[in-house]
Amino acid sequence: MKHVFTRYPLDLLLCILVSVLILPLVFFRVDQTLRVLFGLPFILFIPGYILIFVLFPMRKTEKGIDGIERIALSFGLSIAVVPLIGLILNFTPWGIRLEPILLSLFGFIIIVGLLGWYRWTNTNPSERLTISLTISMPKSGNRIDRLLTIILGVAIIVAIAALMYVIIAPKTGEKFTEFYLLNTERRADDYPKNLTRGEEASVIIGIVNHEYRPILYTVEVWLINQTTVYDNTTQNNETVYNHAWFMDSITVMLNYTAVDIEAAWEPQFEYNYTFSISQKGEDLKLAFLLFTTPKDDFYNNIDYKDIIAENIMDAYREIHLYVTVS
């Protein structure tokens, strides 16, 4: 059975339909698999294909091109058109963001697609590019053809299943933890610097788990009196720890949080930490050490200067402030 679509350009209609479907998939953040399946042709194939369709709305003739040339040029022109649209957007108030790029490509496809439809309807019907669908079964007596048909069908199913697995299967990206410090106004500056003995000050400690597994985090707060000296032997600056006092410990279990670059950033765990310092000194180092494995217990008012260097080295992340206490 053979059916030829002569009343309308089926290929152009499918390109426009895919372009229309991609809008709700992106704006309503539908499953990523569907967005990838529709998004790849939307970016890498459809813009070039409809542009080729406008230039060559006729089938293979002296004025037309064959299917292989049409497909190859579609990919090539798409790779040229999409960056050009992005370059133009870069000089507009909207900039290069998801929504402007998506809507600009959609507008380009619709406008050029309608122009291609117009050119197709004004082309001689005998020369129009048409899509035909042929469905036939091998003769019952031809076992070889029947076997080849079955093998081909199985191969297509396996290929589609493999493609879906690659798209759907979770991909392990970079494993990391966000560890940050903010002031009480949620800014990463203007931290407490000059304090008096016993004066209370506050900071916000933040942690976000992107390690692809639940983790029991421990944050240790240390007050360190250190100096930097020049070693003539190694010809390098070295840190000398004069005193190190343990101040506090914070423990929290956090589940894995996926990185979503399209969504607005949100904190996972934040702790409003209030502290006071009883030791006097200039440029004392207030260190916040993050650990992902259990640590030994420490006690206040004990000088741990002999082990603080090793403890800092064992920390997964480290943030510090310098404070002067009078």
Side-chain angles (χ1 to χ4, degrees), residues 25-37 39 97-99 164-192 200-224 239 244-277 285-300 304 307-323:
L25 294 179
V26 173
F27 286 122
F28 293 103
R29 302 191 181 280
V30 181
D31 182 69
Q32 183 179 2
T33 303
L34 292 176
R35 284 188 287 166
V36 172
L37 288 176
R97 295 184 294 110
L98 175 62
E99 292 80 5
M164 293 299 295
Y165 174 79
V166 170
I167 295 174
I168 297 175
K171 303 172 182 64
T172 302
E174 181 183 0
K175 300 178 181 179
F176 65 99
T177 294
E178 296 182 47
F179 183 44
Y180 57 91
L181 210 62
L182 304 175
N183 64 16
T184 53
E185 297 179 355
R186 302 191 55 78
R187 298 200 315 267
D189 61 358
D190 195 21
Y191 298 105
E200 289 189 347
S202 298
V203 293
I204 298 174
I205 303 172
I207 306 174
V208 184
N209 179 7
H210 300 303
E211 302 286 348
Y212 289 86
R213 60 185 176 90
I215 292 182
L216 180 64
Y217 290 100
T218 300
V219 179
E220 292 181 358
V221 185
W222 291 81
L223 182 65
I224 304 171
T239 301
W245 297 282
F246 174 76
M247 294 183 59
D248 215 336
S249 178
I250 303 164
T251 302
V252 60
M253 171 66 77
L254 296 180
N255 293 322
Y256 158 68
T257 299
V259 178
D260 189 353
I261 60 175
E262 298 177 2
W265 180 88
E266 293 183 359
Q268 183 181 16
F269 169 80
E270 289 188 344
Y271 183 81
N272 195 338
Y273 178 66
T274 301
F275 63 94
S276 62
I277 300 175
K285 183 177 181 180
L286 186 63
F288 299 82
L289 308 182
L290 179 68
F291 298 90
T292 58
T293 55
K295 294 293 295 178
D296 297 332
D297 292 331
F298 297 99
Y299 302 95
N300 300 106
Y304 290 100
I307 65 168
I308 188 60
E310 180 181 354
N311 205 40
I312 293 175
M313 291 292 295
D314 291 341
Y316 182 56
R317 294 284 187 270
E318 187 264 347
I319 306 175
H320 60 263
L321 308 174
Y322 287 100
V323 296

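Keep in mind that what you see is a predicted model, and the values were worked out from it rather than measured. Counting begins at 1 with the first residue of the sequence.
- Judged purely by atom type and a 3.5 angstrom limit, N255 has no side-chain atom pairing as donor or acceptor with the backbone of P214.
- Of the candidates I312, L289, D248, L289 is the only one forming a side chain to side chain contact (heavy atoms under 4.5 Å, CB included) with W222.
- Side chain of H320 to main chain of F288: no donor-acceptor pair is present (N/O by atom type, distance under 3.5 Å, no hydrogens or angles).
- Residues Y316 and E211 have side chains that bring a donor and an acceptor to within less than 3.5 angstrom of each other.
- The backbone N or O of A315 sits nowhere less than 3.5 Å from a side-chain atom of N311 that would complete a donor-acceptor pair.
- Counting heavy atoms of neighbouring residues, nucleotides and ligands inside a 6.0 Å radius, atom CD of E99 exceeds 12 of them.
- Side-chain atoms of E200 never come within 3.5 Å of backbone atoms of T274 as a donor-acceptor pair (strictly under, hydrogens ignored).
- F275 has its ring centre no less than 6.0 Å from the ring centre of W245.
- Within the 3.5 Å criterion, the main-chain N or O of Y322 finds no donor-acceptor partner in the side chain of Y191.
- Note: L181 CG to I319 CD1 = 5.5 Å, rounded to the nearest 0.5 Å.
- Checking side-chain atoms of N300 against main-chain N and O of F246 turns up a donor-acceptor pair under 3.5 Å.
- Sparse packing is recorded around CE of M313, with 12 or fewer heavy atoms of other residues, nucleotides or ligands lying under 6.0 Å away.
- For the atom pair H210 NE2 and Y256 OH, the distance stands at 8.0 Å (nearest 0.5 Å).
- Rounding to the nearest 0.5 Å gives a distance of 6.0 Å between CZ of R317 and OG1 of T177.
- A side-chain N or O of Y180 and one of E270 form a donor-acceptor pair less than 3.5 Å apart.
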